[in-house]
Novice: 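Would you mind keeping the following structure in view while I ask a few things?
Here is the naming used below: chain letters follow the sequence lines, and residue numbers restart at 1 for every chain. Keep in mind that this is a model prediction, so the values were computed, not measured.
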Amino acid sequence: MALQAPEGTKDLLPDEALFWNHFRQTAADVFGRYGYVSIETPIFEQTELFVRGIGEATDVVSKEMFQATSGENMKKLLAGESIKAKSRLSLRPEGTAGVVRAVVQHDLVPQGAQPVKLMYAGPMFRAERPQKGRQRQFNQVGIECLGAEAPSVDAEAIIMLMRFYEAVGIPVGSMQLLLNSMGCETCRPAYRERVKEYMEMHADELCPECMNRAQINPLRAFDCKNPACHTIMEDAPKITDYLCDDCKEHYGEVKGYLDGAGIAYTEDARLVRGLDYYTRTVFEVQVVDGLGSQNAIGGGGRYDKLAEEVGGRQTPGLGFALGYERCVLALQAAGVEFPRAGRCDFFIACVDDSVRPVAFKLLQASRDAGLMGDMDHQSRSLKSQFKLADKLDARVVFILGPDELSEGKIKGRNMVTKREALIDLEKMLSLLSQFGGQPYGGAPSARIEDVFPADE
RNA sequence: GUGGGUAUAGUUCAGUUGGUUAGAAUGCCAGAUUGUGGCUCUGGAGGUCGUCGGUUCGAGUCCGAUUAUCCACCCCA
């Protein structure tokens with residue numbers, strides 16, 4: 001049997017790849033206005049980064065990471081030998097840890113400096129069982145802001161996130177923004193203890209898994225889908241009642257900024273994110289249609305201790321990530337039209353093979369001048385060539401045959417108006433050559449109207 | 001890791017209580033008189049029915065295994 005893409009992976013075929021590019025471009029446009037600039041970090045990192053950054057007890061790290069060890073080291077591991085810590089590599093399961101590592105390594109936020117605002121877009125890897133809205137390799141777009149503790153940064157990022165969804169076409173009414181504060185190192189431990197105590201009081205009513213959570217990370221029990229646990233946890237102590245004064249103030253100011261910007265949100269004391277690094281503000285955006293049970297299209301929060309965790313100086317941070325594939329599902333559910341394939345200025349149709357060399361030369365000159373066009377390479381009938389031109393959505397078809405060539409002309413046909421006219425081949429070539437110089441990547445570029453005016 | 005569903009043409013799917021040469025739509029290719037697209041019409045190519053085994057005179061159809069995939073749990077974007 002023919003080989004196929006690995007479990008949980010998906011090819012982005014041309015139309016989809018086109019939309020992925022559009023999606024990233026939109027993100028760059030929106031986030032760029034808020035001062036975010038791109039960063040590219042490796043797709044694999046030392047495993048230790050994720051263990052320390054995300055947390056050893058998290059599901060993401062404890063059971064969902066793809067190891068990416070070299071062949072030599074893999075042999076050693078299989079033979080039961082140990083390898084150096086720095087040789088233990090993993091494919092990144094999320095983007096934040098790598099970005100924070102880069103910020104620390106290159107000291108992008110020197111003491112007392114302005115905060116740094118970074119964005120990224122690319123594939124993440126988690127060895128989970130695939131289902132709707134969940135793949136083993138999936139694409140995320142995310143941002144990280146390091147060096148600023150102010151609540152305005154939190155609010156700004158949330159506003160920016162919602163603006164992005166809107167820009168990319170997700171109906172505002174289909175989204176719900178959930179907001180919570182998880183406290184900091186001074187108030188959360190006490191709160192955790194209270195939740196743990198509460199859970200132990202209700203030990204016989206909670207599922208075994210939640211009782212396990214009570215020991216490792218009690219707050220995660222808020223996420224349990226078991227109805228019984230759900231009702232028990234409804235009455236559990238709420239973090240908002242236990243926030244220290246600083247956290248309470250911070251959270252209040254975030255909400256104030258959001259209110260002022262007219263951003264609707266739902267406070268959800270049960271919103272606890274599954275990554276250990278989160279502190280204070282956490283948020284998640286869910287959609288109602290199209291996503292099955294994986295209904296979060298984006299989420300993030302503040303992580304004021306993460307930089308220290310990976311060996312840097314104390315640097316407050318905040319970020320979010322949004323899942324590309326899930327956004328696509330949400331867009332499809334909302335019936336949003338996807339942008340079609342790119343422009344095609346012209347197509348050169350050859351009446352017979354004798355004119356192909358001239359057509360080829362003209363085609364190349366046109367491309368060098370900045371036009372997008374193509375010709376047939378299979379000696380197809382003129383009729384077929386027109387069909388092909390139509391499929392490419394060419395605006396103009398140039399027809400070149402022995403008749404035209406003998407007079408030094410070429411015929412053009414506007415595919416919309418159906419107007420046809422003969423133009424001088426030499427004039428066309430010299431016109432195109434004026435756009436030479438830096439044909440690719442440069443500004444000067446011919447338009448199809450320059451060569452074949454739309455109407456006269 | 002656990003549970004359930006599905007597997008037939010490039011794609012989306014039919015296929016009767018097991019019975020001769022496995023179908024449709026769409027896509028692809030070619031024609032419908034002279035060198036011209038979309039619409040329409042006609043024709044054509046394309047499938048060892050996921051794989052292996054079993055029951056049977058006979059299996060796309062029934063049974064088992066296996067693989068893949070989808071959905072759900074867990075968790076996350």
Novice: Whole-Å distance between B:rA77 C1' and A:Phe283 CZ?
Specialist: 12 Å
Novice: Is it true that A:Arg24 and A:Asp29 make a salt bridge, defined as a side-chain N closer than 4.0 Å to a carboxylate O?
Specialist: no
Novice: Kindly say whether, by distance alone, the side chain of A:Glu404 makes a donor-acceptor pair under 3.5 Å with the base of B:rG35?
Specialist: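 Present.
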Novice: Taking CD from A:Glu420 and P from B:rG37, how many angstroms apart are they, rounded to a whole number?
Specialist: 10 Å
Novice: B:rG1 P sits how many Å from A:Glu7 CD, rounded?
Specialist: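 So the CD-P distance, A:Glu7 to B:rG1, works out to 9 Å.
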Novice: Could you tell me whether the side chain of A:Gln378 and the main chain of A:Arg380 form a donor-acceptor pair under 3.5 Å?
Specialist: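 Between the backbone of A:Arg380 and the side chain of A:Gln378 there is no qualifying donor-acceptor contact (under 3.5 Å).
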Novice: Within this structure, what is the CG-CE distance for the pair A:Leu219 and A:Met182, rounded to the nearest 0.5 Å?
Specialist: 5.5 Å
Novice: Roughly how many Å apart are B:rU2 and B:rG64, using the C1' atom of each and rounding to a whole number?
Specialist: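 After rounding to an integer number of Å, I get 22 Å for this pair.
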Novice: Between the base of B:rU36 and the side chain of A:Lys387, is there a donor and acceptor pair under 3.5 angstrom?
Specialist: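 Counting by modelled atom types and ignoring angles, no donor-acceptor contact under 3.5 Å is found here.
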Novice: In whole angstroms, how far is the P atom of B:rU69 from the NZ atom of A:Lys132?
Specialist: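 So the two atoms are 17 Å apart, to the nearest Å.
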Novice: Once you apply a heavy-atom cut-off of 4.0 Å, does A:Gly142 come out as touching a base, just sugar-phosphate, or nothing?
Specialist: nothing
Novice: Do you know which of A:Arg356, A:Lys391, A:Lys383 makes salt bridge (Lys or Arg N to Asp or Glu O under 4.0 Å) with A:Asp376?
Specialist: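 That would be A:Arg356; it is the only one of A:Arg356, A:Lys391, A:Lys383 passing the salt bridge (Lys or Arg N to Asp or Glu O under 4.0 Å) with A:Asp376.
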Novice: Output yes when at least one side-chain N/O atom of A:Arg134 is less than 4.0 Å from OP1 or OP2 of B:rA72, else no.
Specialist: no
Novice: Specify the separation, in whole Å, of atom CZ of A:Arg136 and atom P of B:rA68.
Specialist: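 Value for this atom pair: 10 Å.
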Novice: When you compare the ring of A:Tyr324 with the six-membered ring of B:rA77's base, are the centres less than 5.5 Å apart and the planes under 30° from each other?
Specialist: no
Novice: Check the distance between B:rU34's C1' and A:Asp403's CG and give it to me in whole angstrom.
Specialist: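 Result: 12 Å.
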Novice: So what does the secondary structure string of RNA chain B come out as, 5' to 3', with Watson-Crick or wobble pairs under 3.5 angstrom, [ ] for crossing and | for pairs with another strand?
Specialist: (((((((..((((.....[...)))).(((((.......))))).....(((((..]....))))))))))))....
Novice: Give a yes or no on whether the ring-centroid distance for A:Tyr303 and A:Tyr278 is below 6.0 angstrom.
Specialist: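 Judged by ring-centre distance (under 6.0 Å), A:Tyr303 and A:Tyr278 do not meet the cut-off.
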Novice: How far does CZ of A:Phe44 sit from CG of A:Leu91, to the nearest 0.5 angstrom?
Specialist: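 Between atom CZ of A:Phe44 and atom CG of A:Leu91 there are 8.5 Å.
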Novice: Where the side chain of A:Ala296 is defined as all heavy atoms beyond and including C-beta, which of B:rC74, B:rA77, B:rG37 is the nearest nucleotide?
Specialist: B:rA77
Novice: Any salt bridge linking A:Glu128 with A:Lys63? Criterion: basic side-chain nitrogen under 4.0 Å from a carboxylate oxygen.
Specialist: no
Novice: What integer number of Å spans the P atoms of B:rC39 and B:rC29?
Specialist: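 Taking atom P in both B:rC39 and B:rC29, they lie 13 Å apart.
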Novice: Heavy atoms from C-beta onward define the side chain here; which of B:rA77, B:rG35, B:rU36 lies closest to that of A:Phe386?
Specialist: B:rU36
Novice: Among residues 300-308 of chain A, which ones have heavy-atom contacts with RNA chain B below 4.0 Å?
Specialist: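 The stretch gives none, as no residue of it lies under 4.0 Å from the strand.
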Novice: For the side chain of A:Arg129, starting at C-beta, report the closest nucleotide among B:rA72, B:rG37, B:rU36.
Specialist: B:rA72
Novice: Counting only side-chain heavy atoms from C-beta out, which of B:rA30, B:rA77, B:rG35 sits nearest to A:Ala321?
Specialist: B:rA77
Novice: When you compare B:rU48 with B:rG5, how far apart are their C1' atoms, in angstrom units rounded to a whole number?
Specialist: 27 Å
Novice: Of all the choices, B:rA68, B:rU2, B:rU36, which nucleotide is nearest to the side chain of A:Gln4 once you look at every atom?
Specialist: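 Nucleotide nearest to A:Gln4's side chain: B:rA68.
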Novice: Within the structure, does a side-chain N or O atom of A:Lys63 lie under 4.0 Å from either OP1 or OP2 of B:rG1?
Specialist: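 For A:Lys63, the contact criterion (side-chain N or O under 4.0 Å from OP1 or OP2 of B:rG1) is not met.
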Novice: Checking contacts here: which listed nucleotide (B:rU36, B:rG35, B:rC73) is nearest the side-chain heavy atoms of A:Gln131?
Specialist: B:rC73
Novice: Round to a whole Å and report the spacing from CD of A:Gln385 to P of B:rG37.
Specialist: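 Value for this atom pair: 12 Å.
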Novice: Do the side chains of A:Glu325 and A:Lys10 get close enough for a salt bridge, i.e. N-O under 4.0 angstrom?
Specialist: no
Novice: What interatomic distance, in whole Å, is found between P of B:rU42 and the corresponding atom of B:rU51?
Specialist: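 So the two P atoms sit 34 Å from each other.
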Novice: Which nucleotide, B:rC73, B:rC70, B:rA77, lies nearest any side-chain atom of A:Pro130?
Specialist: B:rC70
Novice: Let me know the distance between CG of A:Asp15 and P of B:rU11, rounded to the nearest Å.
Specialist: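 After rounding, the reported distance stands at 16 Å.
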Novice: Want to settle it: does A:Pro402 or A:Ser381 sit nearer the 5' end of RNA chain B, counting the closest nucleotide to each?
Specialist: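 Between the two, 5'-proximity favours A:Ser381.
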Novice: side-chain hydrogen bond (donor to acceptor under 3.5 Å, both in side chains) for A:Asp352 and A:Ser354? Distances and angles first, verdict last.
Specialist: CA-CA 6 Å; A:Asp352 64 32; A:Ser354 72; 2.6 Å; yes
Novice: Starting from the 5' end of RNA chain B, give me the residue, A:Pro6 or A:Glu94, whose nearest nucleotide shows up first.
Specialist: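 By nearest-heavy-atom nucleotide position, the 5'-most residue is A:Pro6.
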Novice: Could you check which of B:rC28, B:rG37, B:rU2 has an atom nearest any side-chain atom of A:Lys391?
Specialist: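 The listed nucleotide nearest to A:Lys391's side chain is B:rC28.
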Novice: Can the ring centres of A:Phe164 and A:Phe31 be said to be less than 6.0 Å apart?
Specialist: yes
Novice: Could you give the distance separating B:rU17 and B:rC71 at their P atoms, to the nearest angstrom?
Specialist: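 Between the two P atoms, the distance is 31 Å.
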Novice: Counting only N and O atoms by type, is there a donor-acceptor contact under 3.5 Å from the side chain of A:Thr279 to the main-chain atoms of A:Asp304?
Specialist: yes
Novice: Between A:Asp390 and A:Lys387, is there a salt bridge with N-O shorter than 4.0 Å?
Specialist: no
